[in-house]
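As structure tokens, the structure follows; a few thoughts come after it.
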Amino acid sequence: MTIRKIAIAVAAAAAFTSVFASEDDVSGQGIGAIGWTPAQIGLCAPVSYPWGFDWDLKGVGIDVLYTENVLLKGLAISGIATRTRDEMTGFVVSGLCNWNDRDTYGINVTLGANCGFADNYGVDLGAFSMRNVMKGLDINFLGSHQQDFTGVQVAGLCNFTLGDFTGGDIALGLNMAKEVTGCELGGINFAHRLTGCQIGFFNICEECNCGIQLGLVNIIMDNKIKVLPITNFYF
């Protein structure tokens with residue numbers, strides 16, 4: 001009787017899995033995925049259920065060390081690192097690193113780095129973040145680096161934006177961006193072109209469309225009076 005019950009339970013589990021973990025349904029499937037699953041659990045990819053690297057996760061995944069999916073819609077938790085090779089929509093948590101190959105929509109949380117060369121729309125919380133374009137909230141113990149940013153950015157040491165920055169940029173050390181529309185608040189603030197304000201000990205901008213600086217040393221290179229203490233402005 002016991003063996004029969006076990007056999008029935010195994011058959012039921014297999015039937016349940018076959019309904020959800022499918023290799024045939026390709027609608028909304030990530031590039032290169034063999035199917036999708038509502039649950040993933042294991043030690044590390046590919047030593048997890050279901051086996052392998054090439055599953056879309058549409059649900060909840062928990063791996064002790066490392067988790068990897070093609071596409072993620074849901075929640076993924078890993079002790080060391082997570083990787084999503086296609087789009088991520090949801091919430092990922094790891095100990096050291098969250099890596100996104102393509103665009104992300106949601107929340108990335110880690111004690112280490114949130115990284116990827118695509119775009120991020122949502123929230124990054126960690127020690128360091130590196131993105132192409134980010135729109136949302138970015139909070140890091142150390143700093144961040146991106147091409148363009150829109151939103152609020154907070155770092156312990158430095159924020160670097162290679163292109164356009166729109167919003168609020170806050171750092172104890174250095175804020176640096178090419179085009180700033182909004183406010184830089186930090187120890188040292190630098191902008192190639194400023195539309196807004198800079199507040200810090202040292203404020204520097206090469207061109208000022210319309211803005212004000214408040215700090216010990218304020219430099220606007222295209223202003224008639226280039227260097228002033230306390231405040232400098234151009235309207």
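Any value given below was found using the heavy atoms of this structure, including those in side chains, with hydrogens, waters and symmetry copies removed. Nothing here was measured: the structure is a model prediction, and the numbers come from that model.
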Against [X], only a single residue in [options] fulfils side-chain contact (heavy atoms from CB on, under 4.5 Å); can you say which?
X	options	result
Cys205	Arg193, Gln198, His192	Gln198
Asp124	Asp138, Leu137, Thr110	Asp138
Val180	Leu194, Asn189, Asn175	Leu194

>> Show, in sequence, the C-alpha distance, side-chain angles and deciding distance for Asp119 and Lys135, and conclude whether the salt bridge (charged side-chain N to carboxylate O under 4.0 Å, His left out) test is met.
In response: CA-CA 8 Å; Asp119 300 342; Lys135 296 183 178 182; over 6 Å; no
Output the distance between atom [atom1] ([X]) and atom [atom2] ([Y]), rounded to the nearest 0.5 Å.
X	Y	atom1	atom2	value
Ile139	Ile170	CD1	CD1	9.0 Å
Asp169	Gln153	CG	CD	4.5 Å
Ile188	Phe201	CD1	CZ	10.0 Å
Gln40	Trp51	CD	CH2	12.0 Å
Phe160	Phe190	CZ	CZ	11.0 Å
Asn100	Met130	CG	CE	11.0 Å

> Using the ring of each side chain (for Trp, its six-membered ring), is Tyr105 parallel, tilted or perpendicular to Tyr121, with breaks at 30° and 60°?
Replying inline: parallel
>> Looking at Tyr234, I'd like to know if its OH atom is crowded, meaning that more than 12 non-hydrogen atoms belonging to other residues, nucleotides or ligands lie closer than 6.0 Å.
In response: no
Side-chain donor or acceptor of [X] paired with backbone N/O of [Y] under 3.5 Å:
X	Y	value
Arg85	Gly32	no
Lys178	Leu162	no
Thr84	Glu87	no
Thr37	Leu57	no

>> Within the structure provided, determine whether Glu68 and Trp99 are in side-chain contact (heavy-atom separation under 4.5 Å).
In response: no
Side-chain heavy atoms under 4.5 angstrom apart, residues restricted to Ile, Leu, Val, Met, Phe, Trp, Tyr: same cluster for [X] and [Y]?
X	Y	value
Val64	Ile77	no
Phe128	Leu174	no
Met134	Phe165	yes
Trp36	Val60	no
Leu125	Val93	yes

Give the minimum heavy-atom separation between [X] and [Y], together with the two atoms involved.
X	Y	value
Ile220	Cys208	CG2-CB, 3.7 Å
Asn203	Gly200	OD1-N, 3.4 Å
Thr82	Asn98	OG1-OD1, 2.7 Å
Ser129	Asn140	OG-ND2, 3.3 Å
Leu71	Lys58	CD2-CE, 4.2 Å
Ile219	Gln213	O-NE2, 3.0 Å

> Stepwise, does the side chain to side chain contact (heavy atoms under 4.5 Å, CB included) test hold for Thr181 with Asp164?
Replying inline: CA-CA 8 Å; Thr181 303; Asp164 297 339; over 6 Å; no
> Would you call Asp56 and Lys73 a salt bridge, taking side-chain N to carboxylate O under 4.0 Å as the test?
Replying inline: no
>> Tell me whether Asp86 is salt-bridged to Arg102, with the criterion being a basic N under 4.0 Å from an acidic carboxylate O.
In response: yes
>> Using side chain to side chain contact (heavy atoms under 4.5 Å, CB included), reason through Ile107 and Phe91 one step at a time and then give a plain yes or no.
In response: CA-CA 5 Å; Ile107 302 173; Phe91 192 180; 3.6 Å; yes
>> Distance alone, cut at 3.5 Å: any donor-acceptor contact between the side chains of Asn159 and Ser144?
In response: yes
> Can you tell which of Asn120, Asn132, Thr161 makes a side chain to side chain donor-acceptor pair (under 3.5 Å) with Gln146?
Replying inline: Thr161
